[in-house]
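Structure record follows, encoded as structure tokens.
Scope of the values below: all heavy atoms of this structure, side chains included, with no hydrogens, waters or symmetry mates. Here is how names work: the chains are called A, B, and so on, in the same order as the sequence lines, proteins then strands, and each is numbered from 1. The structure displayed is predicted, hence computed values, not measured ones.
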Amino acid sequence: MKVLVAVKRVVDYNVKVRVKNDGSGVDLTNVKMSINPFDEIAVEEAVRLKEAGKVDEVVLVSIGSAKSEETLRTGLAMGADRGILVNTDDLAVEPLAVAKILQKVTEKEQPSLVILGKQAIDDDCNQTGQMLSALMNWPQGTFASEVALDDTQVTVTREVDGGLQTVKLSLPAVVTTDLRLNEPRFASLPNIMKAKKKPVDKLTPAELGLGEGDIKPRLEIVQTQEPAKRQAGIKVVTVAELVDKLKNEAGVL
Amino acid sequence: MKTLLIAEHDNHTLSAHTAKALTAATKLGAVDILVLGQDCEAVAQQAATLAGVSTVLLADDAGLANQLAEPCAEVILSLASEYQGIVAAATTTGKNTLPRVAAKLDVMQVSDVIEVLDESTFKRPIYAGNAIQTVRCNEPIKVITVRTANFEAAGTGASAPVSAVSVNLSAALSEHVEDTLSVSERPELATANIIISGGRALGSKEQFQQVILPVADKLGAAVGASRAAVDAGYAPNDWQVGQTGKIVSPQLYIACGISGAIQHLAGMKDSKVIVAINTDEDAPIFQVADYGLVADLFEVLPELEQQLGS
Ligand SMILES: Cc1cc2nc3c(=O)[nH]c(=O)nc-3n(C[C@H](O)[C@H](O)[C@H](O)COP(=O)(O)OP(=O)(O)OC[C@H]3O[C@@H](n4cnc5c(N)ncnc54)[C@H](O)[C@@H]3O)c2cc1C
Ligand SMILES: Nc1ncnc2c1ncn2[C@@H]1O[C@H](COP(=O)(O)O)[C@@H](O)[C@H]1O
């Protein structure tokens, strides 16, 4: 069985991004970039399925500029077998466009399972997995905190607002990861070295049969602003003072 | 512009999310509400009382009992040609279903809308709320999810007509196995007036319950947690507040033993009043707190509980 995992290169989660003064976007010059944390969890899950003997091959796919190869190498060092880089240069690719590219890659690779992160921590869209699943007309198991795979189906426990929900999907299917699915491993130095030699195929959307119209952005970004700043408040010294302030100053008790 | 709002409910009760999402949806034009579920006539009746609703559409079918994304999207798509807008609350249900609808309609979805500027222009947070983007959506049909914490609830007192929708689902793609839902007498996190949250400092599930819950009960508050507390098993996953958990904006948010990572702040910094209790006076949470108490939570929370009782 083959598993395809989508990995996105994003700003590292520790970076507090700054909005550019002219409102044209966020400043990404010299900012640390990493694999999207949810996608790291997705790679880990796929590699564990391989280690458990349930999966033969783990293929990674990333869409973006040539620099996304770094992201693929990160996943390869964790134990994935090969990578596919779909080069869109500096074009902003929205979730719908990513889903269309992933649809083509999925049709080509024919995996039984595609694992994505639930959310990219840059655009915070939380759409791509659901969109891919719709385009393929496959079942979806989103926000997974547990995945149990057998030959014909996958049982997914999902983190939902009310608690947990378990669904059973017939394969092929799409799964998106939530934080509690696993704790990703650190790649060892020998594995990082080995990953450098693993194959990475480079493709363009055109080579996948997609035209410019299929992937051009649909949303127009009018401007990007700083969020409203909160004024730091005061320190109180005792619980009595706190209760007094909450009652008499803030009026919230 | 005619808009279809997807109701948030559990087959019995309409969630408070819907009245809030309705406020956003009415900015797009006339609104019909769609109730998807099984034996959920009561929900449709509740939705019919919301001020500003034209018609409530009731899709009642065994295949919709658990509101799985695949059948729900199918029903929404069967109605979509009548509408120029499709709106849902950005809950796990809305987030699960709406992108399926958008992809099938070949339109981009606008996620987590916090402000509707006009019928095609929206504000939404990106990068864990560190930037706010204004986007114009020129798609023929706007598919949006709404951050309900940013909208007031629409009023009630109306009595819109309820009309049944015929449902003809194709073969199921997925099967519901079970729900393990948290049962609690406390208010729901997303809509609570007061929230008290605990972080990694709580140290264990037992201590979380011994120290946080009595104060929550005194305040009639909902209980939240940081990711670290949830990961460590001190609190259930549905208590997580933050970028990738729940977004809340209560009147009062009390953060106990939470450092204030950007991912946590993303979920609660729109609260009206924030209190932080932390032993580290340099903890970033104090930068957003109206009232900071530099103290050991194990000492001050029992004291707070006592003082609230008097
Ligand atoms: C992709 C991604 C998504 C994330 N999403 C979320 C999210 O949605 N929500 C979220 O919360 N986090 C999220 N995080 C995690 C986030 O980055 C932080 O790791 C997390 O919020 C830290 O939790 P904490 O504040 O409880 O723990 P810590 O950062 O360890 O802070 C514990 C605090 O307790 C204080 N303390 C210790 N002892 C006491 C005491 N006795 N009394 C009082 N104070 C004490 C310490 O001074 C410290 O400030 C996410 C991270 C990633 C990578
Ligand atoms: N450019 C991309 N390349 C590879 N995977 C992506 C890309 N964009 C999104 N994804 C996948 O889709 C998930 C959800 O992204 P989003 O819908 O943008 O929040 C991510 O966690 C990735 O798994």
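- In terms of heavy-atom pairs under 4.5 angstrom with chain A, the leader among B/Leu301, B/Ile277, B/Ile274 is B/Ile274.
- The line from CD of B/Gln307 to CD of A/Glu241 is 11.0 Å long, rounded to the nearest 0.5 Å.
- Within the 4.5 angstrom heavy-atom criterion, atoms from both the backbone and the side chain of B/Lys95 approach chain A.
- Listed for the A/Lys118 side chain is a donor-acceptor partner under 3.5 Å among the backbone atoms of B/Thr244.
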Full working for side-chain contact (heavy atoms from CB on, under 4.5 Å) between B/Leu173 and A/Leu169: CA-CA 7 Å; B/Leu173 289 170; A/Leu169 318 175; over 6 Å; no
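- Only the backbone of A/Thr238 comes within less than 4.5 Å of a heavy atom in chain B; its side chain stays farther off.
- Note on B/Val183, B/Asn130, B/Val135: by heavy-atom pairs under 4.5 Å with chain A, the leading option is B/Asn130.
- Heavy-atom distances place both the backbone and the side chain of A/Tyr13 under 4.5 Å from chain B.
- By the 6.0 Å contact criterion, CZ on B/Phe298 is enclosed, its count of non-hydrogen atoms from other residues, nucleotides or ligands being greater than 12.
- Between chain A and the options B/Ser184, B/Ala90, B/Pro99, B/Pro236, the largest number of non-hydrogen pairs under 4.5 Å is found for B/Pro99.
- A 4.5 Å side-chain heavy-atom check between B/Leu308 and A/Leu253 finds at least one atom pair inside the cut-off.
- Remark: the backbone N or O of B/Gln109 is paired with a side-chain donor or acceptor of A/Gln127 at under 3.5 angstrom.
- Of the two parts of B/Glu70, only the side chain, counted from C-beta on, holds a non-hydrogen atom closer than 4.5 Å to a non-hydrogen atom of chain A.
- Both the backbone and the side chain of A/Ala250 come within contact range of chain B, each with at least one heavy atom under 4.5 Å from a heavy atom of that chain.
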Worked verdict on A/Leu246 versus B/Leu252 for side-chain contact (heavy atoms from CB on, under 4.5 Å): CA-CA 9 Å; A/Leu246 292 177; B/Leu252 174 60; 3.9 Å; yes
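- Interface remark: B/Ala131 contributes backbone and side-chain atoms alike to the contact with chain A (heavy atom separation under 4.5 Å).
- Heavy atoms closer than 4.5 Å to chain A are found in the side chain of B/Gln263, but not in its backbone.
- A donor-acceptor pair under 3.5 Å is formed between the side chain of B/Asn237 and the backbone N or O of A/Gly163.
- With a 4.5 Å cut-off on non-hydrogen atoms, B/Lys272 touches chain A through its backbone and its side chain both.
- Within the 4.5 angstrom heavy-atom criterion, atoms from both the backbone and the side chain of A/Ala240 approach chain B.
- Here the side chains of B/Gln243 and A/Ile121 are in contact, with some heavy-atom distance below 4.5 Å.
- Only the side chain of B/Ile262 has a heavy atom closer than 4.5 Å to any heavy atom of chain A.
- Listed by sequence position, A/Asn137, A/Trp138, A/Pro139, A/Gln140, A/Thr142, A/Phe143, A/Arg158, A/Glu159, A/Val160, A/Asp161 are the residues of residues 136-161 of chain A in contact with chain B, using a 4.5 angstrom heavy-atom cutoff.
- Your options are A/Gly233, A/Pro217, A/Ala232, A/Gly162, and the one with the most heavy-atom pairs under 4.5 Å with chain B is A/Gly162.
- Using a 4.5 Å cut-off between heavy atoms, B/Leu219 contacts chain A through its side chain alone, with no backbone atom that close.
- With hydrogens and angles disregarded, a donor-acceptor distance shorter than 3.5 Å links the side chain of B/Arg124 to the backbone of A/Asp124.
- Your options are A/Val10, A/Val236, A/Val243, A/Val19, and the one with the most heavy-atom pairs under 4.5 Å with chain B is A/Val236.
- Here the side chains of B/His176 and A/Lys168 are not in contact, with every heavy-atom distance at 4.5 Å or above.
- Annotation: side chain of A/Gln225 is in contact with side chain of B/Thr134 (closest heavy-atom distance under 4.5 Å).
- Taking CD of A/Gln223 as the reference point, atom CZ of B/Arg136 lies at 10.5 Å (rounded to 0.5 Å).
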Verdict with reasoning, A/Leu164 to B/Asp238, per side-chain contact (heavy atoms from CB on, under 4.5 Å): CA-CA 8 Å; A/Leu164 296 170; B/Asp238 51 300; over 6 Å; no
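- The candidate with the highest count of non-hydrogen atom pairs below 4.5 Å against chain A, out of B/Asn66, B/Thr93, B/Thr121, B/Val107, is B/Val107.
- Residues A/Arg180 and B/Gln240 meet the side-chain proximity criterion, which asks for heavy atoms closer than 4.5 Å.
- Contact of the A/Val167 side chain with the B/Val177 side chain is not registered, since no non-hydrogen atoms from C-beta on lie closer than 4.5 Å.
- The minimum heavy-atom distance between B/Met108 and A/Pro95, with the atom names listed, is CE-CD, 3.6 Å.
- Side-chain atoms of A/Lys100 and B/Asp106, non-hydrogen and from C-beta on, do get closer than 4.5 Å to each other.
- The distance from the CG atom of A/Asn126 to the CG atom of B/Asp112 is 8.0 Å, given to the nearest 0.5 Å.
- In plain terms, the two heavy atoms of A/Met131 and B/Ala102 that are nearest each other are CE-CB, 3.8 Å.
- Residue contact with chain B, scored on non-hydrogen atoms closer than 4.5 Å, involves the side chain of A/Leu242 exclusively.
- Heavy-atom distances place the side chain of B/Leu68, and not its backbone, under 4.5 Å from chain A.
- Using a distance-only test at 3.5 Å, with no hydrogens or angles considered, a donor-acceptor pair links the side chain of A/Arg230 to the main chain of B/Val288.
- Residues B/Ile126 and A/Asp122 fail the side-chain proximity criterion, which asks for heavy atoms closer than 4.5 Å.
- With B/Tyr291 as the aromatic partner, A/Lys235 does not meet the cation-pi criteria of under 6.0 angstrom to the ring centre and within 45 degrees of the ring axis.
- Heavy-atom proximity under 4.5 angstrom to chain B picks out A/Val26, A/Leu28 from residues 22-33 of chain A.
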Test log, rule side-chain contact (heavy atoms from CB on, under 4.5 Å), inputs A/Thr166 and B/Asp179: CA-CA 6 Å; A/Thr166 307; B/Asp179 284 339; over 6 Å; no
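- Note: B/Glu139 leads B/Lys123, B/Glu139, B/Glu299 in heavy-atom pairs under 4.5 Å with chain A.
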